[in-house]
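Take a look at the structure set out below.
Order of the sequence lines sets the chain letters (A, B, ...), proteins ahead of strands, with each chain counted from 1. Because the structure is predicted, anything quoted here is derived from the model rather than measured. Computed over heavy atoms, backbone and side chain alike; hydrogens, waters and symmetry mates excluded.
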Amino acid sequence: MTPPLTQFQTDLALALRDGTACAIDPESSGLRFTTMVRRSWCEGRSIEAARAVLALLPPRERHRLVALYVDCGGGVAAFLPTESETLLPFLAQRLPNPSHALTLCKMDRALARARQGAADFVAPTAKPERSILIRGPHAALVWFHADPAAVMAAIGNGPVPPLGPPRQPVLFAPGLPNLFRLASRAEAAFWDSLPAADIRSPVAGQLLRDGAISCLA
Amino acid sequence: MTRRVVATLKAAPVVPEPRHRQAPLGVGFGCVLAVPEALYTTDLIDFVEVTPEIFHREALTGGRLQLVPDEYAYDAGRRRCGDLPVVMHGVELSIGSAHGMYEPCLGMMDRLRHEWPFLWYSEHLHFQTALDRNGIEINTGVPLPLPATAEAATLVADRAQQIQHRYGVPFLLENPAHYLSGLPADPDIGDEFGLMNRITALSGCGQLLDLHNLYCNAVNFGFDASRTLQRIALDRVTEIHVAGGSWSDGFYMDGHDGRVPEPVWDLLEQTLSLAPRVAGVVFELLEMFLPRFGPDRIARELERARGIWRRCHRATELAA
């Protein structure tokens, strides 16, 4: 008598994840090997989903965080952006603050959010006379603690620049050609002041056009 | 983001009856952007096999999970195919999941049918999602084989038939490589080959015969792949995959990570001489292994596949 298909699939999926019983002999080398392959795939997907962030971590710490994530049930999403949506917040809670890895973690999340907003983004044609300005729902400002170019080069095996105080703000927004650009100190200060009613700020017009800020309806 | 799966297909639109016999194309290769464009020439390949999920991402649109084109890869993928014929080879449908398939794939294929026309559509005979004890869907993390039961055969055959009608082109199912012995089986179906035969007979769909998967299972479970070909409904085989693999912990893995082993080339020659309706042979290589493998070696594998294809086709034509 064969088990119903639903039961067979539930039992096998849980056996591979949790080591519980299923229709396959738990001592069989095939089940053990499949469990190992599954683990390897989950870890591989996780590494791929946060490649830049993990590249800046020492190997032992990288393996520890990935293993912890997979232990918590991560690494199974079919699409990498979907995996990143879960993994990056997981890493953000566990990375040293400040660190270049945390900066890249924030950057990857900001890029994903800006990309989500880019499909439907329409730049406003005129600046309103009166309004409350707020941060755009698909925008973020990330501070780098070294020259951003040097931090990016470190992902590709370049030397890791020393960690200093917040040095360069980078803006991520759906209306930007590459979804990001360096921000000025004035823009960063304005960003920090939001929500604000200062519609006459000299930086407000450009930030509105970039999709970095929006008007409260 | 939560995957939402529905158990039933939408009513199939009225489409022409699928053509069971596809005109022979020749040898194909995957649509891989990391491979030099120069490889995508009719000097080397006759068609391109596109894995559509590579060029899409999940997005919640109006509260509904959909697969939307990736802004950066989608157009590049279409350009890469140029004027070469295209076939689609999906990887995420999970056609064997008892509780339901991954519906966004079907929506994606609905759109691709018009935007990126294809000659046939193939998927894997396996499941990638299941329900946990609370009835919540979980991803298995790795594709898993189906039991050789009448219930599994009927479930997949019904879905395959509807998909074939939905897109109006042949739908093919690929035999999987796996490492699990002792899968449940009904006596009248027997094993994975009996299961595939039952599904293709019930549904009218075709088979994508992955010869490297067959070889892997033969090596790991200790049966003769060449003799097993006699048990496969070869008149249903429309496409063939060849690939390379590697050993790990005592198992031969379907890694798509290297050259095609000699026994698989032998199986290709044997299959092409026996299967009357094969329309294409694809050499598979995972993108992550491209730097190690290199374009010259890809070209050599494709040339060898083409040589076998031409030799077998000449022989078939002479026999006819």
Side-chain angles (χ1 to χ4, degrees), chain A residues 1-18 20 22-48 70 73-86 112 114-116 118-120 178-179, chain B residues 1-3 53-54 56-61 65 67-68 70-72 91-92 94 96-99 102 104-105 127-133 135 138-152 154-155 178-186 189 220-221 248-251 253 288:
Chain A
M1 185 73 181
T2 54
L5 188 61
T6 308
Q7 186 195 327
F8 167 78
Q9 294 184 343
T10 296
D11 290 348
L12 181 54
L14 294 178
L16 294 173
R17 194 187 71 180
D18 306 331
T20 50
C22 71
I24 313 276
D25 175 8
E27 296 304 314
S28 69
S29 57
L31 188 68
R32 283 202 303 271
F33 186 67
T34 305
T35 303
M36 207 174 77
V37 170
R38 178 191 179 277
R39 177 86 193 184
S40 163
W41 280 38
C42 290
E43 291 184 352
R45 267 192 292 259
S46 305
I47 290 167
E48 201 61 35
V70 174
V76 294
F79 292 82
L80 282 183
T82 307
E83 191 70 67
S84 301
E85 277 182 41
T86 319
R115 188 172 292 132
Q116 275 175 10
D120 303 321
N178 293 314
L179 303 176
Chain B
M1 194 180 290
T2 310
R3 275 178 136 205
E53 289 90 342
I54 291 175
H56 288 75
R57 60 181 173 82
E58 289 178 317
L60 268 177
T61 312
L65 189 60
L67 292 177
V68 297
D70 179 277
E71 299 86 339
Y72 304 100
V91 291
E92 296 296 341
S94 196
S97 286
H99 63 287
Y102 179 55
C105 275
F127 72 98
Q128 290 153 284
T129 58
L131 299 180
D132 70 8
R133 306 257 181 252
I138 52 172
N139 286 356
T140 60
V142 68
L144 295 169
L146 293 171
T149 62
E151 185 191 6
T154 307
L155 177 95
H178 67 90
Y179 315 100
L180 297 171
S181 56
L183 288 168
D186 288 339
I189 294 182
N220 291 324
F221 299 131
S248 174
D249 290 273
F251 283 87
M253 293 184 72
M288 63 195 291

Please classify the contact between B:Leu183 and chain A as side chain, backbone, both or neither, with a heavy-atom cut-off of under 4.5 Å.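 Contact with chain A: backbone and side chain both.
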Answer with side chain, backbone, both or neither: which region of B:Met288 has an atom nearer than 4.5 Å to a non-hydrogen atom of chain A?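 Looking at B:Met288, nothing touches chain A.
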Could you tell me which portion of [X] (side chain, backbone, both or neither) has an atom closer than 4.5 angstrom to a non-hydrogen atom of chain B?
X	answer
A:Leu16	side chain
A:Met36	side chain
A:Ser40	neither
A:Arg38	both

Whether B:Asp70 and A:Arg115 form a salt bridge (side-chain N of Lys/Arg under 4.0 Å from carboxylate O of Asp/Glu) is what I want to check.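 Answer for the salt bridge query: no.
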Is the A:Phe33 to B:His178 ring centre distance short of 6.0 Å?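 No, they do not, as the ring centres are separated by 6.0 Å or more.
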Going by the rule side chain to side chain contact (heavy atoms under 4.5 Å, CB included), which residues pair with B:Leu131 if we only count those two or more places apart in sequence or in a different chain?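 Side chain to side chain contact (heavy atoms under 4.5 Å, CB included) list for B:Leu131, sorted by chain: A:Thr10, B:His99, B:Glu137.
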When only pairs under 4.5 Å are counted, which of A:Val70, A:Ile24, A:Thr6 shares the most heavy-atom pairs with chain B?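 The residue among A:Val70, A:Ile24, A:Thr6 with the greatest pair count is A:Ile24.
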Anything under 30° is parallel, anything over 60° is perpendicular, the rest tilted; go ahead and classify A:Phe79 against B:Tyr102.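 Plane angle between 30° and 60°, so tilted.
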Taking B:Thr140, B:Val68, B:Val142 one by one, which has the highest count of heavy-atom pairs under 4.5 Å against chain A?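 Maximum pair count with chain A is reached by B:Val142.
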Chain A: which of B:Asp249, B:Thr149, B:Asp132 shares the most heavy-atom pairs with it under 4.5 Å?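 Result: the option with the highest number of such pairs is B:Asp249.
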For residues B:Val91 and B:Ile54, determine if any side-chain heavy atom of one lies less than 4.5 Å from a side-chain heavy atom of the other.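 No. Closest side-chain heavy atoms not under 4.5 Å.
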Given A:Thr20 and A:Asp11, is the side-chain contact (heavy atoms from CB on, under 4.5 Å) satisfied, shown in steps? CA-CA 8 Å; A:Thr20 50; A:Asp11 290 348; over 6 Å; no
Of all residues at least two apart in sequence or in a different chain, which pass the salt bridge (Lys or Arg N to Asp or Glu O under 4.0 Å) check with B:Arg57?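 Testing B:Arg57 for salt bridge (Lys or Arg N to Asp or Glu O under 4.0 Å), a comparison that skips the adjacent residues, returns B:Glu71.
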